[in-house]
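Presented below is the structure to which this report refers.
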Amino acid sequence: MVELIVYGIVLGAIIALGSIGLTLVYGIVRFANFAHGDLMTAGAYVALFLVTGLSAWLGIPDTTFGSLSFGWRMALAFPIAMLCVAGVSILLDRILYRPLRAKRSHPVIMAMSALGAAFIVRMIVLILWGADYRFYRPGVMRPAILLPLGVKIRPDQILLLLVVFSLVILLYLFLQRSKMGKAMRATADNMELARVSGIDTERVIIWTWGIGGALAGAGGILYGIDVQLHGGMGFNLLLPMFAATILGGIGNVYGALVGGLVMGIAQQVSTAYLLPTYKPAVAFIVMILILLIRPQGIFGGGRS
Amino acid sequence: MKVLETKNLVSGYGETDILHDVSIELKEKEIVSIIGPNGAGKSTLLKTIFGLLRPRGGVVELIGAEVTGLSPDRIVRKGMSYVPQVDNVFPSLTIQENLEMGAFIRTDDYGDKLEEVYELFPLLQERKNDKVGKLSGGQRQMIAMGRALMLDPRVLLLDEPSASLAPILVGMIFEKIIDINKTGVAIMVVEQNARETLKISDRGYVLAMGRKVFEDTGKAILENKEVGKLYLGG
Ligand SMILES: Nc1ncnc2c1ncn2[C@@H]1O[C@H](COP(=O)(O)OP(=O)(O)OP(=O)(O)O)[C@@H](O)[C@H]1O
Ligand SMILES: [Mg+2]
């Protein structure tokens, strides 16, 4: 049981990276980005290309760090892939969502276009890499470390938690201390007043999509390291991501983090009683329950 | 010298025009008030001047340059600031952060300006790290005005700064308006407290049903029996 909770935290940390991006974007442009899960997939596969293709071509050695399952290739691929997904995310907004916003399109049309974008991203991944399950490093299963209470955890998973923790700290510092971060919070509060104050809100929107995309990309890579890669991986995380976002109060960044962890734990613990294939159903049920009992989320919601 | 002028301004929402041919002006060092009944179009006028609504006709000139149809974030760079009637602070930000957002486009060190605003509103300094969402209406109004002053504007638009404030606070806000004006800022203020506002105004305009129906010095409007009966509640 304790072990399932630990695995839940690992899965939850990945979900949180997605739900933080969802909630940031929603806070600024009031739009539920159904393509967010597929941005995670994109991140995972861009990293796969960098690790197996480009790194080999550049002659970067295929060694691993200590008892981790990856090495320099992944260390380089990780930030580059994050930047690439940030770019894809910004591009999606500029060529698809922004024109629809400018036309004040109906929310249903916005949702459909996001779903369309999700399918496009996924199809590109399937065309380029096929539908097989893939690994960053096939065949190696690193031995697990034994923690107290009989919990087995792989070194990869410890690093994964550290990476998520660092990204969240960086985001916190960005939002609290930097000028652009403060402008993002101001714009989420009141976009019209932000413009009246002289803030270039279009630039804020670009930053928001970039950060949301980068975090989604990171989440996708970490999921690929922890489990495996496959074209539907991000889409399968979409439901728990939305549940986490709602749970934390839509627009609340720190709520989304907690929501992600709760969803991860709920999903993993459920496997003690249910088949793992019911995990998405668990996410769905939790989401329905929140909507029925506390639609504003556990923290009252609304503002970060 | 005129710092702000509208000529035959037409504006509205959706299909309907609200403002019809409104021509007003504000000169250097003046306080000018715009009064009129609810729904007269006073807020609409300020929003249109500030680029939140696109004018359907007419011209807006700011310090000798045409700004008709420019977006708010462009207009604010040209020396005019605006305090909206409602939702005029960022509730999840601290007081200090609200003021910093007012200075967003400044690239110089604006520490002095911040000090100046805190001197004008000492209460804000005491609580500068408090989130604004929890504060009272009077404090929020001070923050909103402080935010608008951060860019050293030459023209300030205030939309009902004393609305829904306790009577003692109303007096305080009017004193602050005079203080700000004395530092060389020309002020155009929309008010419900028409009599009080006219007392501190050099000139005033009466707006009704989207049209300018009367204009004179503040004193003359106060003494005008007919305007008093129609628009100042007897
Ligand atoms: N966002 C909007 N969409 C459509 N109509 C609006 C909008 N805002 C105001 N109006 C209408 O425009 C007219 C003028 O409104 P405006 O807010 O300018 O009046 P006001 O003089 O500021 O009134 P108040 O003293 O109540 O603030 C009113 O009839 C109002 O119903
Ligand atoms: Mg009004």
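We name chains A, B, ... by the order of the sequence lines, and we start the count at 1 in each one.
Contact count against chain A (heavy-atom pairs under 4.5 Å) is highest for B:Asn88 among B:Asn88, B:Thr94, B:Asn98, B:Ile105.
A salt bridge does not link B:Lys42 with B:Asp159: every distance from a Lys NZ or Arg NE/NH1/NH2 to an Asp or Glu carboxylate oxygen is 4.0 Å or more. Salt-bridge annotation for A:Glu202 and A:Arg94: present, with a side-chain N of the basic residue lying under 4.0 Å from a carboxylate O of the acidic one. Here A:Arg195 does not pair with A:Glu192 in a salt bridge; the nearest charged N to carboxylate O distance is not below 4.0 Å.
With a 4.5 angstrom heavy-atom cutoff, B:Tyr82 touches chain A via backbone and side-chain atoms both. Heavy atoms closer than 4.5 Å to chain A are found in the side chain of B:Leu52, but not in its backbone. Contacts of B:Val89 with chain A are made by backbone atoms alone, with heavy-atom separations under 4.5 Å and no side-chain atom involved.
Side-chain contact between B:Lys27 and B:Met1 is absent, with no heavy-atom pair separated by less than 4.5 Å.
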